[in-house]
Amino acid sequence: MSAADDAVVTSVVAYGDSDVVVRLFTRERGRVGAFARKARESRKRFPGLSAPSRGRARLRQRHGADLLVLDELDVDPDILGLGADLRALGHASSVCELVERMMPEHEPPPAAFGLV
């Protein structure tokens, strides 16, 4: 069963030829890791998948695994222009790094998502 949640992509790591492991900071689940199968091949399910970015993620639990499954990521179109402003891109990257280092795994802090 999958559920959609607002998410900030904090990092993307290639895994094999076409898969990726994505680190997300979500409103409902907090900081989580997710496995995105064929993400580097599918521009329909994962348009603009990069860090930092934000959007609506469709996640589901994998039985017996720590990583969730990222089925789809609908990236906010406003974030796609971030690459044109290097200062904003640098600030967004710094925020993502702080989230990775400071936020506990699977514990959504109530007000932190709004700040990020």
Side-chain angles (χ1 to χ4, degrees):
M1 181 168 172
S2 64
D5 195 2
D6 293 328
V8 174
V9 178
T10 57
S11 71
V12 177
V13 178
Y15 185 84
D17 291 333
S18 61
D19 304 329
V20 295
V21 175
V22 182
R23 300 291 303 161
L24 302 163
F25 183 57
T26 67
R27 186 179 304 275
E28 299 295 324
R29 299 175 189 232
R31 190 171 62 88
V32 297
F35 188 75
R37 195 171 299 280
K38 306 274 187 207
R40 291 192 286 171
E41 293 177 0
S42 177
R43 294 293 163 214
K44 182 178 179 182
R45 292 184 310 138
F46 303 105
L49 178 61
S50 64
S53 64
R54 71 170 187 251
R56 191 97 173 131
R58 182 162 301 281
L59 298 162
R60 65 183 157 92
Q61 189 73 39
R62 289 174 55 190
H63 297 288
D66 290 334
L67 288 177
L68 300 172
V69 175
L70 179 62
D71 290 324
E72 185 178 1
L73 179 68
D74 187 19
V75 175
D76 184 355
D78 292 339
I79 203 75
L80 299 177
L82 192 61
D85 185 355
L86 293 180
R87 180 174 288 193
L89 182 61
H91 289 304
S93 296
S94 296
V95 169
C96 287
E97 187 173 339
L98 285 171
V99 166
E100 280 297 316
R101 294 182 186 266
M102 307 283 292
M103 297 294 172
E105 188 93 12
H106 298 288
E107 294 180 24
F113 188 85
L115 293 173
V116 172

_With rounding to the nearest 0.5 angstrom, report the CD to CG distance, Gln61 to Leu67._
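If I round to the nearest 0.5 Å, the distance is 10.0 Å.
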_Rounded to the nearest 0.5 Å, what separates atom CZ in Arg40 from atom CG in Asp17?_
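Taking CZ in Arg40 and CG in Asp17, the distance rounds to 7.0 Å.
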With sequence neighbours excluded, residues passing side-chain hydrogen bond (donor to acceptor under 3.5 Å, both in side chains) with [X]:
| X | answer |
| --- | --- |
| Ser11 | none |
| Arg62 | none |
| Asp74 | none |

*Is the closest basic N to carboxylate O distance between Arg58 and Asp71 below 4.0 Å?*
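The answer is no: the pair does not qualify as a salt bridge.
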List the atom pairs, donor and acceptor, that lie under 3.5 Å between side-chain atoms in residues 87-98 and the rest of the protein, sequence neighbours left out.
unit_1, atom_1, unit_2, atom_2, d
Ser93, OG, Leu89, O, 3.0
Ser94, OG, Gly90, O, 3.1
Glu97, OE2, Arg101, NE, 3.3

*With Ala34, which residues qualify under side-chain contact (heavy atoms from CB on, under 4.5 Å), at least two apart?*
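Counting only residues at least two positions away or on another chain, Ala34 forms a side-chain contact (heavy atoms from CB on, under 4.5 Å) with Leu24, Leu59, Leu68, Leu70.
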_side-chain contact (heavy atoms from CB on, under 4.5 Å) partners of Arg37, counting only residues at least two apart_ =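 With neighbours one apart ignored, the set is Asp19, Phe35.
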_Among residues at least two apart in sequence or on other chains, which ones pass salt bridge (Lys or Arg N to Asp or Glu O under 4.0 Å) with Arg56?_
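Salt bridge (Lys or Arg N to Asp or Glu O under 4.0 Å) list for Arg56, sorted by chain: Asp6.
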*If we only count heavy atoms from C-beta on, is the Val99 to Val8 side-chain gap below 4.5 Å?*
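They are not in side-chain contact.
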_Donor-acceptor contact present, side-chain Asp5 to main-chain Glu28, <3.5 Å_ =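 Yes; judged by distance alone, with no hydrogens or angles, the pair exists.
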Considering only distance and modelled atom types, tabulate donor-acceptor pairs under 3.5 Å from the side chains of residues 102-116, sequence neighbours left out.
unit_1, atom_1, unit_2, atom_2, d
Glu105, OE1, Arg23, NH2, 2.9
Glu105, OE1, Arg31, NH1, 3.3
Glu105, OE1, Arg31, NH2, 3.4
Glu105, OE2, Arg23, NH1, 3.4

